[in-house]
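Each remark here refers to the structure printed beneath this line.
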Amino acid sequence: MLVEKNVPLQAFNTFGIVARAQALVRIADEPALRAVLADPELAASPKFVLGGGSNIVLTGDLKALVLKVEIPGRRLVQETHKAYIVEAGAGENWHEFVRWTVAQGWPGLENLALIPGTVGAAPVQNIGAYGVELQDVFDSLDAMDLRTGQVFTLNAAQCAFGYRDSVFKHRSAAEGSGAGHLALGLKDRALILRVRLALAKDWKPVLGYADLERKRLETQCDAPSAQQIYDWVCAIRRAKLPDPAVIGNAGSFFKNPTVTPEQCADIIARDPKVVHYLLDDGSVKLAAGWLIDSCGWKGKSVGQAGVYEKQALVLVNRGTGIDGQGATGGEVMTLAKAIQTSVYERFGILLEPEPVVV
Ligand code: EPU
C-alpha cells in the first residue's frame, strides 16, 4: 500500500483551491481499503473520503488521512420485467456513466447529464437536476464501515435522502446532527464502494423544467428520446454553468431555500418578480440564484473568488490555472458570508451552503 505524503490537492477539487493532504491513499478496490484498516496507525487516524472533489471547499490543508476513491467498473447487474439494474464503482466519473447508460438504451439518467463528480459522491448529496433526483432512480449501494471494515448495503430509505442531503452528510445523532431514518449518521464513517440504479422500462421523459420546455419548442420535438434529452441537458448546462476544467467551481453554492406560503407572499409584496415554485407539501421553494442576483452580486469578487456572471448561484475561482494564484478557501467563504448577509438583510432568508466546507 502506498501512502502518499504532502499531496497537492489543487487538481483533486473542482474549485481548484490550493491545499495539501498530509497523507493520501488511493482506493482502487476493497482490498486496498481493508489494507488501510488493517494498519494500526492508519486505522486510528481520522479519515476524509474524497471522490471527484466537486462539492467541497478546502479552507486549509487536510490533516485527516485522505481516502481517494478510484474504484472502477460498470455493469448491468440484472434485468427484470420492470427495470434495468445497473451498477457502477464509486470511482467512476458520473457523467461518463450517464452517457454509457443512455447509449446502451437504458434511459432514466439523461436529466442528470454533465454533473461533475464521481458515482460514489452522487448519493451523498442526492444530486439532482431538471426535475430528477438520484433518489428517483436509486436502487441500493454497498459501503464499508471505516471502523469495523464491514461491508453493508443500504436501500433508498436507509440513505435518508432529502434535497441535496443524505445520511452521508450527517454525523450520528449522538454526535449532534440527526440523520433522518437512521439513528447513525455516516459522515466520515463509511466509504461508498458501489452504487446500483434501477432504470425503469416504462420510461417517460421528464420535461417540466422551463429550460427543457424551451428546447422542446425550439426543436418541435414532442416525444424526445432519452438521447435527445441528454443532448439538451448538456447544451443547457454548457450555456449557463462554468466548466470546472476551465473555471474552478463547485456547482450551485447554496441550496434553494424553502419558505412558508406566508413568507413567500411577504416577499412577493415587496419583490413581485421573485422566482418561486410551489411544492407538493404546500411550502414554497425560492430560486436562490434570483435572490443573490437581485442583491446585485453577479460578477462581484472577494480576492480571486467571484460570483459567476451567468448564474449568481455559482461561485467561481477566477484564478484557476495560474499556479498558486487562485482563490483561497477563505476568500470563497468570505464571499459566501457576504452574500448570505445581504440576502438575509433584504429577504430575511439565511441561505445554506451546498458544498461541504472542510
Ligand atoms: N436566476 C436568476 N439569476 C441568476 C440565477 C438564476 O434570476 O443569477 C433565476 C433563473 O432565471 C430561474 C431560476 O432563478 O428562473 C432558477 O435558476 P436555474 O434554472 O438556473 O436553476 P437553479 O435553481 O439555480 C437548480 C440546481 C442546479 C440544477 C438546476 C436545474 C440547486 C441548488 N441547484 O439550480 O443544480 O442544475 O436547478 O435543475 O438546487 C448543483 O446542485 O450544483 C446544480 C447546478
Side-chain angles (χ1 to χ4, degrees), residues 13-15 51-57 94-95 98 109-118 121-136 161-166 169 205-215 229-230 232-244 247-259 264 267-268 271-279 284-300 306-316 332 336 339-340 342-343 346-347 349 351-356:
N13 73 99
T14 60
F15 242 122
S54 60
N55 205 42
I56 56 171
V57 184
W94 171 261
H95 174 67
V98 171
L109 301 183
E110 56 283 347
N111 293 45
L112 303 176
L114 224 55
I115 295 180
T118 53
V124 175
Q125 61 151 350
N126 184 24
I127 58 172
Y130 305 104
V132 176
E133 283 186 314
L134 187 84
Q135 64 178 347
D136 304 330
F161 289 124
Y163 168 54
R164 297 293 192 276
D165 199 23
S166 78
K169 277 188 125 177
V206 178
L207 290 170
Y209 263 59
D211 285 337
L212 285 175
E213 279 303 320
R214 215 167 291 131
K215 286 279 179 200
I229 295 170
Y230 168 95
W232 289 347
V233 169
C234 289
I236 294 165
R237 290 187 74 101
R238 286 199 174 106
K240 71 156 75 163
L241 295 170
D243 176 356
I247 305 173
N249 74 92
S252 300
F253 198 89
F254 297 100
K255 295 184 185 183
N256 285 327
T258 303
V259 297
C264 186
I267 294 172
I268 291 173
D271 287 280
K273 288 194 182 139
V274 63
V275 178
H276 60 286
Y277 318 92
L278 285 179
L279 300 183
V284 185
K285 191 169 263 193
L286 304 179
W290 186 91
L291 300 175
I292 298 167
D293 194 3
S294 64
C295 289
W297 280 101
K298 246 184 205 167
K300 297 269 171 67
V307 180
Y308 192 52
E309 284 75 4
K310 294 187 207 164
Q311 165 47 298
L313 195 50
V314 178
L315 302 193
V316 295
V332 173
I339 292 171
Q340 278 175 318
S342 77
V343 168
R346 170 142 174 215
F347 298 103
I349 290 165
L351 293 179
E352 191 189 331
E354 204 204 270
V356 177

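Both counts, for ligands and for their atoms, begin at 1 and track the order of listing. Hydrogens, waters and symmetry mates play no part in the numbers below; they use all other heavy atoms, side chains included. Positions are given from 1 along the sequence.
For atom 14 (O) of ligand 1, the closest heavy atom belonging to the protein is Ala287 CB, 3.3 Å. Atom 36 (O) of ligand 1 has Arg237 NH1, 3.3 Å as its closest protein atom, hydrogens excluded (heavy atom only). Counting only heavy atoms of the protein, atom 7 (O) of ligand 1 lies nearest to Trp290 CD1, 3.3 Å. Here the protein heavy atom with the shortest distance to atom 31 (C) of ligand 1 is Tyr163 OH, 3.3 Å. The protein heavy atom nearest to atom 25 (C) of ligand 1 is Asn256 ND2, 4.1 Å. When hydrogens are left out, the protein atom nearest atom 15 (O) of ligand 1 is Val275 CG1, 3.6 Å; that is the closest non-hydrogen contact. Of all protein heavy atoms, the one closest to atom 16 (C) of ligand 1 is Tyr277 OH, 3.3 Å. Nearest to atom 19 (O) of ligand 1 among the protein's heavy atoms is Lys240 NZ, 3.6 Å.
Among Pro355, Ala288, Ala312, the residue whose heavy atom lies nearest to atom 8 (O) of ligand 1 is Ala312. The residue among Gly117, Ser294, Ala129, Gly131 with a heavy atom at the shortest distance from atom 28 (C) of ligand 1 is Ala129. Among Ala250, Ser252, Pro116, the residue whose heavy atom lies closest to atom 40 (C) of ligand 1 is Ser252.
Here the straight-line distance linking atom OG of Ser252 with atom CG of Leu241 works out to 7.0 Å at 0.5 Å rounding. A distance of 4.5 Å separates SG of Cys234 from CG of Leu114, quoted to the nearest 0.5 Å. Residue Lys310 holds its NZ atom at 11.0 Å from NZ of Lys298, rounded to the nearest 0.5 Å. Atom CG of Leu291 sits about 8.5 Å away from atom CG of Asp271, to the nearest 0.5 Å.
Per-residue contacts place Glu354 under 4.0 angstrom from the following atoms of ligand 1 (heavy atoms of the residue considered): 32 (C), 40 (C), 41 (O). Taking every non-hydrogen atom of Phe254 and a distance limit under 4.0 Å, the qualifying atoms of ligand 1 come out as 32 (C). Close contacts between ligand 1 and Gly251 involve ligand atoms 42 (O) [criterion: under 4.0 Å to a heavy atom]. Close contacts between ligand 1 and Lys298 involve ligand atoms 8 (O) [criterion: under 4.0 Å to a heavy atom].
In this structure, atom 10 (C) of ligand 1 has no protein heavy-atom contact shorter than 4.0 Å.
When heavy-atom distances to ligand 1 are checked against a 4.0 Å cut-off, Lys310 has no atom that comes that close, whether in backbone or side chain.
If you run side-chain contact (heavy atoms from CB on, under 4.5 Å) between Leu286 and each of Leu351, Thr258, Asn256, Ile349, only Ile349 comes through.
Heavy-atom distances between Arg164 and ligand 1 reach below 4.0 Å in at least one pair. Contact annotation: Trp297 has no heavy atom less than 4.0 Å from any atom of ligand 1.
The N/O atoms of Gln311, backbone and side chain alike, include one that comes under 3.5 Å of an N/O atom in ligand 1. For a threshold of 3.5 Å applied to N or O pairs, the pair formed by Tyr209 and ligand 1 contains no separation below that value.
Classified by interplanar angle (parallel below 30°, tilted 30° to 60°, perpendicular above 60°), the ring pair Phe253/Phe15 is perpendicular. Taking the six-membered ring where the residue is Trp, Tyr209 and Tyr277 present parallel rings, their angle staying beneath 30° rather than reaching 60°.
With salt bridges taken as basic N to acidic carboxylate O contacts below 4.0 Å, none links Glu354 and Lys255.
Every residue two or more places apart in sequence or in another chain that forms a side-chain contact (heavy atoms from CB on, under 4.5 Å) with Pro116 is listed here: Ser54, Arg237, Pro244. Qualifying side-chain contact (heavy atoms from CB on, under 4.5 Å) partners for Asp136, counting only residues two or more places apart in sequence or in other chains: Val132, Glu133.
Side-chain N/O atoms of Trp94 and Thr118 include no donor and acceptor closer than 3.5 Å.
Residue Ile292 comes nearest to Phe254 through the heavy atom pair CD1-CD1, 3.7 Å, listed as atom of the first residue, atom of the second, then distance.
Under a 3.5 Å cut-off, the side chain of Arg238 and the backbone N or O of Val233 do not form any donor-acceptor pair.
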